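A quick note: this is a predicted structure, and the numbers were derived from the prediction, not measured.
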Amino acid sequence: MISIRAFKHFALAMGIGLATIWATSFAPTEAVAQDTDKISMQFVGFGANPDFYAILQSSKLGGKALVIYQIGGQGPKLVYPLNKTSLEAALQSKEVAVFGINANYVAGMAAPAGYKLGGMVIGETLQLTLSAGEQSMTLGYAPIFSNPTKTKVADMSIINAFWTPDSKRVVIILHQKLDGDWPVDSDVIAAYTLG
């Protein structure tokens with residue numbers, strides 16, 4: 001028999017898997033259809049190696065966890081549950097401290113270098129772009145959740161972007177919301193290295 005604690009860790013891991021932008025193939029199941037868990041994400045900081053970054057993730061089913069990702073990596077590198085500890089204590093734990101997470105970042109839709117982040121929905125993807133004056137470039141694409149028949153697509157918005165001070169890395173928090181029989185109410189992340 002699975003304990004409540006084991007189930008919470010399983011639910012958290014499942015929520016993280018669905019919430020990351022790298023999970024590009026989303027095949028809803030009956031269990032997912034009935035789960036209206038809301039997942040929210042808060043950026044914590046970049047690591048001593050800025051390819052690593054930390055997110056504070058919260059959900060009704062999984063609780064809170066500090067999650068370490070690597071830009072370009074597949075899924076989380078570390079999930080540190082915050083059931084009985086604070087974020088500050090988690091950052092100083094031996095498991096997390098090796099990443100050297102700190103708050104050395106610039107938040108906002110404009111990078112310190114001056115270019116601006118934007119997005120445009122194209123079918124079932126959000127095209128993320130950078131622009132500087134009249135010039136623009138595609139940064140990447142974020143998949144948008146839809147119902148199984150693809151007759152309804154989630155509303156997606158950019159919540160905020162977090163840049164390294166040299167503007168060479170960015171983590172973007174997006175939000176998707178879809179009502180109906182297959183509800184989704186979740187933050188997702190996209191992260192990129194520039195140049």
Any heavy-atom pair between the side chains of [Y] and [X] that's under 4.5 Å?
X      : Y      : value
Arg169 : Asp51  : yes
Gln176 : Ile144 : yes
Tyr115 : Ser136 : no
Trp163 : Leu194 : yes
Ile39  : Leu61  : no
Thr129 : Met120 : no
Ile173 : Asp187 : yes
Asn160 : Ile172 : no

- prompt: Would a distance-only check, ignoring hydrogens and angles, find a side-chain to backbone donor-acceptor pair under 3.5 Å from Ser167 to Ala113?
  reply: yes
Any idea which heavy atoms bring [X] and [Y] closest together, and the distance?
X      : Y      : value
Leu82  : Ser86  : CD2-O, 3.9 Å
Pro165 : Pro112 : O-CB, 3.6 Å
Leu178 : Asn147 : CD2-N, 3.8 Å
Thr85  : Ala90  : OG1-N, 4.2 Å
Leu130 : Leu139 : CD1-CD1, 4.1 Å
Met156 : Pro143 : CE-O, 3.6 Å

Could you verify whether a donor N or O on one side chain and an acceptor N or O on the other, from Gln127 and Thr138, lie under 3.5 Å apart?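 A pair is found: one side chain offers a donor N or O, the other an acceptor, under 3.5 Å apart.
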Enter the distance from [X]:[atom1] to [Y]:[atom2] here, rounded to the nearest 0.5 Å.
X      : Y      : atom1 : atom2 : result
Ser58  : Met41  : OG    : CE    : 10.0 Å
Tyr53  : Lys77  : OH    : NZ    : 11.0 Å
His175 : Ser157 : NE2   : OG    : 6.5 Å
Gln70  : Thr193 : CD    : OG1   : 9.0 Å
Ser146 : Lys152 : OG    : NZ    : 11.5 Å

message: For residues Val188 and Ile122: do they belong to one hydrophobic cluster (side chain heavy atoms under 4.5 Å, members Ile, Leu, Val, Met, Phe, Trp, Tyr)?
response: no
request  = Quick one: sort the Phe162 and Tyr105 rings into parallel, tilted or perpendicular, breaks at 30° and 60°.
outcome  = perpendicular
Query raised in the report: Do the ring planes of Phe52 and Phe99 sit parallel (below 30°), tilted (30 to 60°) or perpendicular (above 60°)?
Result: tilted
**Message:** Check this for me, if you would: do Lys177 and Asp185 make a salt bridge, where the nitrogen-to-carboxylate-oxygen distance has to be below 4.0 angstrom?
**Reply:** yes
*Between Met109 and Ile158, is a side chain to side chain contact (heavy atoms under 4.5 Å, CB included) present by the stated rule, with each step listed?*
CA-CA 9 Å; Met109 297 296 281; Ile158 299 172; 3.8 Å; yes
(Q) Leu126 vs Tyr141, test: side chain to side chain contact (heavy atoms under 4.5 Å, CB included). Steps then yes/no. (A) CA-CA 6 Å; Leu126 176 69; Tyr141 296 90; over 6 Å; no
Kindly indicate, with the supporting measurements, whether the criterion side chain to side chain contact (heavy atoms under 4.5 Å, CB included) is fulfilled by Thr164 and Asn104. CA-CA 7 Å; Thr164 52; Asn104 190 17; over 6 Å; no
- Carefully, step by step, assess Leu128 and Tyr192 under the rule side chain to side chain contact (heavy atoms under 4.5 Å, CB included). CA-CA 11 Å; Leu128 295 163; Tyr192 301 96; 3.6 Å; yes
